[in-house]
Every structure is written in C-alpha cells, then in structure tokens.
There are 2 protein chains.
Amino acid sequence: MPDTRRITSADVARHAGVSRATVSYVLNATPGQSISPATRDRVLRAAAGLGYAPSAAARTLRTGRSDVVLCLLPDWPIGNEVGDLLGNLSTALAREGLTFVVHPGSRADRPIAEIWKAITPAAVLSFTDFSDAETEAMRAAGVALVVALLGRAGRHGRELEVPQQLVGRRQAEHLLATGHTRLGYAYPDDPRLQIFAEPRLAGVRAVVDRQPATPVGEGGAPEPAVVVRDGGAPGPEPLVEVVPLDVAPAAAAVERWRAAGVTGVCAYNDEVALAVLAGARALAMTGLAVIGVDDIPAARLAVPPLTTVTTDQRTLAAHLATTVVAAVSGRPAPILHTADLIRVVVRDSA
Amino acid sequence: MPDTRRITSADVARHAGVSRATVSYVLNATPGQSISPATRDRVLRAAAGLGYAPSAAARTLRTGRSDVVLCLLPDWPIGNEVGDLLGNLSTALAREGLTFVVHPGSRADRPIAEIWKAITPAAVLSFTDFSDAETEAMRAAGVALVVALLGRAGRHGRELEVPQQLVGRRQAEHLLATGHTRLGYAYPDDPRLQIFAEPRLAGVRAVVDRQPATPVGEGGAPEPAVVVRDGGAPGPEPLVEVVPLDVAPAAAAVERWRAAGVTGVCAYNDEVALAVLAGARALAMTGLAVIGVDDIPAARLAVPPLTTVTTDQRTLAAHLATTVVAAVSGRPAPILHTADLIRVVVRDSA
DNA sequence: CTGTTAGCGCATTCAA
DNA sequence: TTGAATGCGCTAACAG
C-alpha cells in the first residue's frame with residue numbers, strides 16, 4: 001500500500017518551485033499581495049495536481065477560528081419544520097464556504113463552553129439566550145457572531161422573533177377575515193415551548209388589538225422602535241387556554257371556549273390544533289374554526305383537514321445565512337423582507 | 001479591559017514551576033509516565049486556578065484527530081424520533097468525552113469530503129452508505145470509525161438494521177395475535193425512505209413466513225449466526241401498497257386491500273398509517289386494523305386513536321455510543337440486547 | 001523514578 | 001517573493 005501521508009502546502013510549494021508563503025498567498029487570494037500570473041498558475045496547477053487540501057486544524061490553530069458555524073439545539077423536541085430550516089441553512093452557508101453543524105442535546109449534559117471549545121466555530125447560533133458571561137467568553141475566544149434566535153433579553157439576535165410574530169398575525173387575520181371575532185389561543189402544554197409560543201401569541205394579540213406588537217424588520221438597527229398603539233378599536237383579548245396533547249383535557253379547553261363564545265382558535269402548532277379538533281369531536285361540537293402552524297403531514301389527513309400556516313423556510317434560512325456571513329466577514333447585517341414569508345394553507349378546519 | 005490572551009499549557013507550566021511536557025503528562029494521565037503526587041498536584045492546581053482549557057485545534061493538529069463525532073444526515077425529512085435518537089446519542093457520547101455534532105443537508109450541496117475535512121472527526125456516522133473510495137479516504141485521513149447505520153452493502157456498520165427489522169416484526173406479530181391472517185404493508189411514497197422501509201418490511205415478511213429474516217445481534221462478533229428456517233407453515237405474502245400522504249390515493253390502496261381480503265395493515269410509520277386511516281374513512285370502511293410506527297403526538301389524537309410501535313431510543317443511543325467509543329479506543333464492539341427495545345402501544349386502530 | 005529538552009504537525013503572516 | 005516566527009500541544013529521547 002502506497003504511503004498515505006497528508007499532502008501539505010510544503011508539497012505544493014516544492015512542486016511549484018516556490019515558497020510556502022507564496023502558496024498560501026495564492027490559494028487564499030490574499031489581498032495586498034501581488035503574485036505574477038505565471039507563478040500563480042504554477043501554484044494552482046500543482047495544488048490541483050496533488051489534490052491538496054489544507055489542514056483545517058492547522059488553519060484554525062493559526063487564525064483562531066474555523067470555518068464552522070455551530071448551532072446549539074434546545075433540549076425540547078424539534079419538529080420537522082426546524083429540521084427543514086436547519087437543512088436550508090446548511091445549504092445556504094455551504095454556498096458561502098461555511099460548514100454548518102448542529103449540536104443536539106441539552107445544555108444540562110455539558111456546559112456549553114465545552115462544546116464550542118471543541119469546535120472553535122466562526123459563529124454560534126442558539127434558539128435560547130446565552131448568559132452575558134457565556135457570550136463574553138465566546139467573543140473573547142474569537143467567535144465572530146453569537147446569536148440567540150429567540151429569547152427575551154438578547155441584545156444581539158432574536159432573528160426569529162419577527163417571523164414568529166408574523167405566524168400569529170396571519171392566523172388571527174385569517175380567522176378575522178372569515179368572520180370570527182371572538183378568538184381563542186391554544187397554548188402548548190410543554191413550558192419549554194414558551195419561547196416560541198410567546199411571540200406567536202403576541203402576533204395574535206397584535207391583530208386583535210389592531211396594534212403592531214413589535215416593528216417588522218430589525219436588521220442591525222440599534223434600537224427596535226417602541227410599540228405604538230395606532231388608535232384602532234381594540235377587540236376582545238384572545239382567550240388563552242393551555243391544551244395538552246390529549247383528548248380529555250383538550251375537550252375541557254374547548255368547553256371553556258364555547259362557554260366564552262369563542263368561535264375561532266389559533267393553535268400554537270398543528271399538533272395542538274389536532275388536539276383541539278379531537279377535543280371538539282369528543283364534545284360532538286361542530287363549527288369551531290381551528291388554525292394550526294407548520295402544515296405537518298398529519299394536518300391534511302385530519303378530520304376535518306386542518307387549515308394551517310407555513311413559513312418559507314428557504315427564504316428564512318437564506319436570510320439567516322446572509323446574516324451569519326455578514327457578521328463573520330464584518331459586513332453589516334441584511335434586513336429581512338417578510339412579505340411572502342408566511343402563507344395560510346386553507347383547508348376545512350377554518 | 002484586561003488582556004484576554006488564551007491560557008496555554010505554557011502558562012500552566014510556568015505557574016506550576018515545571019516544563020510543558022510535565023503539564024501534558026499530568027493532564028493527560030499519560031500511561032508509562034510516573035510523576036510525583038506533589039508535582040502532579042501543583043500542576044492540577046495551577047491548571048484549575050488559571051482556568052486552563054487545552055486548544056482543541058492544536059490538539060487536533062498534533063494528534064490528527066479531534067474529539068468530535070460527526071453524523072451526516074440524509075436529505076430527506078427527519079422526524080422527531082430520529083431527532084430523539086440524536087439527542088440521546090449526544091448525551092451518551094458526552095459522557096465519554098466526545099462531542100457529537102450533526103450535519104444536516106444533502107450530500108448534493110457539497111462533497112462529503114469537505115465536511116469531514118472541516119471537522120477532522122474521530123468518527124463519522126451516516127444513515128446511508130458511503131462509497132468505498134469515501135470510506136478509504138476517511139480512514140486514510142485518520143477517522144477511527146466510519147459507520148453506515150443502514151444500507152445494503154456496508155461491510156461495517158448497519159447498526160440500525162436489526163432494530164428496524166424488529167419494528168416490522170412487532171407490528172406483524174401484534175396483528176397476527178389479534179386474529180388477522182391476511183396482512184398488507186403500507187409502503188412510503190418517498191423513495192428516499194426506502195432505506196428504512198426495506199428492513200421494516202423484511203421484518204413483517206419474516207413473521208408472516210415464520211422465518212427470521214436476518215440474525216439478530218451482530219456486534220463485533222466474527223460470524224453472525226446463520227438464518228434457520230424453523231419449518232413453520234409460511235403464511236401468504238403481505239400485500240404491499242405504496243401509500244402517499246393524501247386521502248384519495250390512500251383510499252385507492254385501501255380499496256385494493258379490501259378486494260384482496262386484507263384485514264390488517266402494517267404501515268411504514270404513523271404518518272402513512274394516518275393516511276391509511278383517512279383512506280378507509282373516505283371509503284366509509286370500518287374494521288381495517290392499522291398499526292403505525294413512532295407514536296407521534298398526532299397518533300393518539302387520530303380517529304380512531306392509532307395503535308403503534310415505539311423504539312426505546314435511549315437504549316439504542318447508548319448502544320450506538322458504546323460502539324463508537326469502543327472503535328475510537330480500539331476496543332471490541334458491544335452487542336445489542338434487543339429484548340425490550342421495541343414496544344407496541346395498543347390503542348383503538350388495531 | 002522524575003522530569004526535561006527538542007522537535008513535530010501545518011498554515012498564516014510580518015518583515016525584509 | 002521569501003525566510004522565519006507564530007499558534008499550541010504531544011511525545012520520543014534523554015539526563016539527573
């Protein structure tokens with residue numbers, strides 16, 4: 001078996017008859033270095049011919065940062081949609097030469113520091129907030145960007161906040177448009193989902209109140225503008241009920257809605273919506289409009305088929321990717337165009 | 001702001017009044033090196049006091065391998081259960097000092113080589129097969145273990161093969177035990193799921209034929225025991241129908257089953273099972289027994305509530321983790337005890 | 001038995 | 001364009 005030593009930049013240099021420094025300059029297209037096209041070509045040719053691939057470890061050691069973007073997953077169950085988002089994000093970042101990896105598993109297992117120290121990432125993404133100390137530690141260790149996609153405090157990030165609110169808005173708008181004035185909100189049972197549920201509920205409230213909850217489009221703007229009532233006549237508050245994924249408690253919630261005159265329910269997601277449907281069925285109650293979120297496969301197969309709201313994960317992922325790339329290369333963050341991001345899929349349930 | 005330089009082993013050495021070599025020996029508990037308890041203690045104290053954390057990049061550069069285990073996800077949508085498995089795997093590997101990361105996104109985006117080269121992993125896991133060239137390249141680059149969890153060729157791995165077969169077996173056994181003799185199999189529409197579907201279907205066939213399909217338990221054992229027909233009378237082949245996640249085509253499949261006298265259907269997973277249920281409902285057909293896989297939240301909320309089969313992801317993950325750790329440290333692979341791995345959750349649909 | 005010296009692994013980048 | 005230093009930890013060879 002032939003000797004399988006790694007091919008290093010020194011090999012390339014030797015073959016091209018230049019120094020390793022030159023090789024580095026050529027391969028990295030280092031700005032401010034003038035290399036003659038001839039040498040340049042020799043180097044490129046040698047590199048290709050030898051099948052040279054730089055050592056990620058050495059590069060990381062030297063520059064203090066790898067080309068990896070790390071995403072920390074929360075410990076609660078992630079659904080298909082998040083999986084989708086991650087896939088798209090991976091694709092989008094790949095286009096920019098960044099490798100996207102995800103770390104599943106709770107923070108409880110290991111201090112998060114151990115995770116990023118093992119990777120030396122260029123950027124770290126998370127759904128929940130980091131403590132200030134953690135953020136500071138990462139920054140100090142050379143991580144270019146630390147983003148909490150959601151969460152309350154986060155002075156950086158919350159890149160998912162607006163889309164989540166929009167989800168709630170679209171739900172409420174659809175129900176209002178179909179003649180329902182008294183709305184209910186089916187809140188998830190699992191407290192860990194609160195971080196997603198709150199902005200969605202806020203979106204619903206915003207529509208019912210005829211008031212924007214939080215400005216759309218933040219980008220790198222220093223301070224999100226303050227909420228302004230626009231003076232429209234506020235409708236009644238949506239009646240919030242926690243709905244576990246079980247028929248009996250769901251039926252109880254439906255009963256309470258009925259008593260309060262609620263005719264349309266925005267559910268946290270399709271699963272919760274399915275529970276509401278099951279609850280209504282158990283009560284033999286018809287005519288309650290329900291709208292979910294995500295359009296999971298089971299939604300179209302439900303009785304009745306579930307009306308729901310979907311997000312264009314591809315666009316969202318592209319935006320997130322651009323944000324990350326911008327931060328890593330020191331450019332300003334882009335703004336998110338939310339126009340067609342969220343769509344209502346109308347079926348029979350609402 | 002205080003100078004935030006990294007703390008290196010040299011710093012620890014200086015503070016402890018020893019050489020860097022000694023620090024390394026102490027911190028790695030290098031076998032075959034005797035260091036006096038006194039020195040040892042000084043080093044440990046200094047390291048702790050300074051908050052020393054070794055540079056993963058330098059370590060990787062030197063040893064040629066990081067402490068990261070990389071899992072490549074297929075490009076098809078992964079469900080909650082796989083997410084669950086990954087989470088448990090992460091936890092189990094963390095206990096062994098390994099960092100688990102997942103790369104979502106299709107192989108089409110980027111040659112897979114770019115991904116592992118960016119990480120320099122200790123092990124690479126994948127659901128689908130690698131080409132021999134890929135496997136060889138990784139081996140040569142120092143990856144200790146390359147496992148394809150599923151797939152046909154894989155001379156290494158297929159660690160998930162047996163559990164998947166077992167899933168099918170449990171489904172069929174349940175249906176047979178409840179008096180159904182003529183079975184159908186609801187095959188998924190998406191061809192990418194074939195890799196999971198085939199072993200499951202094989203499990204069903206094995207039960208119907210009264211013959212084990214593939215030996216249980218492979219581990220590092222030299223030769224898996226051979227398949228033995230037990231001479232029972234083989235029942236009729238399960239009638240396989242592809243069932244898309246839509247009511248109309250699902251109804252068509254149900255119709256064909258009815259015509260063939262099928263009374264019990266094993267579905268690829270809960271979603272497919274839900275489609276079968278929806279199809280039967282569309283036909284106003286009652287009495288068709290359906291059993292799914294995964295126990296997704298929608299299963300219990302279905303009409304009728306869906307009987308399904310679940311896997312103990314925790315146990316499975318622990319086994320996978322042990323396998324990885326064994327390979328990385330050169331020990332023999334463990335064997336999987338499949339006794340209570342798969343359970344039937346009985347509800348109304350079967 | 002204890003601990004040290006010295007050089008390696010590989011690419012980046014400053015100063016010449 | 002290049003030589004040489006740098007980032008950080010590992011480990012074979014060796015001295016006390």
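Sequence lines set the chain letters: A, B, ... in the order given, protein chains first and strands last, and positions in each chain run from 1.
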Closest-nucleotide ordering on DNA chain D, the 5'-leading residue of B:L61 and A:T22: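 Its nearest nucleotide being more 5', the pick is A:T22.
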Nearest-nucleotide comparison on DNA chain D, the residue closer to the 5′ end among B:A58 and B:S24: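 The residue closer to the strand's 5' end, by nearest nucleotide, is B:A58.
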Donor-acceptor contact below 3.5 Å, side chain B:T22 vs main chain B:V18: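 No, because the side chain of B:T22 does not come within donor-acceptor range (under 3.5 Å) of the backbone of B:V18.
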Checking A:T323 side chain against A:H319 main chain: does a donor-acceptor pair fall under 3.5 Å?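 Checking the backbone N and O of A:H319 against the side chain of A:T323, a donor-acceptor pair under 3.5 Å is found.
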Measuring to OP1 and OP2 of [N], would you say a side-chain N or O of [X] lies under 4.0 angstrom away?
| X | N | value |
| --- | --- | --- |
| B:S36 | C:dG3 | yes |
| A:S9 | C:dA11 | yes |
| A:T39 | D:dT1 | yes |
| B:R62 | C:dC8 | no |
| A:S19 | D:dT2 | yes |
| B:S34 | C:dT2 | yes |
| B:T30 | D:dC10 | no |
| B:N28 | D:dG9 | no |

Whole angstrom value for the distance that separates [atom2] of [N] from [atom1] of [X]:
| X | N | atom1 | atom2 | answer |
| --- | --- | --- | --- | --- |
| B:I7 | D:dG7 | CD1 | C1' | 16 Å |
| B:R6 | D:dT6 | CZ | P | 18 Å |
| B:L50 | D:dG9 | CG | P | 12 Å |
| B:L27 | D:dC10 | CG | P | 8 Å |
| A:K117 | D:dG9 | NZ | C1' | 16 Å |
| B:D11 | D:dC8 | CG | C1' | 11 Å |
| A:I35 | C:dT12 | CD1 | C1' | 13 Å |
| B:R14 | C:dT4 | CZ | C1' | 17 Å |

Does any donor-acceptor pair link the side chain of A:Y25 with the base of C:dC14 at a separation under 3.5 Å?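 By the distance-only test, yes, there is a pair.
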Below 3.5 Å, does any donor atom in the side chain of A:R20 face an acceptor in the base of C:dC10, or the other way round?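 Not at all, since no donor on one side and acceptor on the other fall under 3.5 Å apart.
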Of the non-hydrogen atoms in A:P163 and A:L316, which two are nearest, and what is the gap between them?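 So the minimum-distance heavy-atom pair works out to CG-CD1, 3.8 Å.
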For A:V18, report the nucleic acid contact type (base, sugar-phosphate, nothing); a contact means any heavy atom under 4.0 Å.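 It contacts sugar-phosphate atoms only.
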Which one, C:dA11, D:dC8, C:dT5, comes nearest to the side chain of B:T8?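 Looking only at heavy atoms from C-beta outward on B:T8, the closest nucleotide is D:dC8.
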Would you indicate which nucleotide in D:dC8, D:dC10, C:dA11 comes nearest to any side-chain atom of B:R59?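 So the side chain of B:R59 is nearest to D:dC10.
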I'd like to know if A:D84 and A:R314 make a salt bridge, using a cut-off of under 4.0 Å between side-chain N and carboxylate O.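 No, no charged N to carboxylate O under 4.0 Å.
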Going by the side-chain contact (heavy atoms from CB on, under 4.5 Å) test, name the single residue among B:L125, B:T128, B:I115 that passes it with B:L72.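 The residue from B:L125, B:T128, B:I115 that satisfies side-chain contact (heavy atoms from CB on, under 4.5 Å) with B:L72 turns out to be B:I115.
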Can the ring centroids of A:F130 and A:W116 be said to lie less than 6.0 angstrom from one another?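 No, too far apart.
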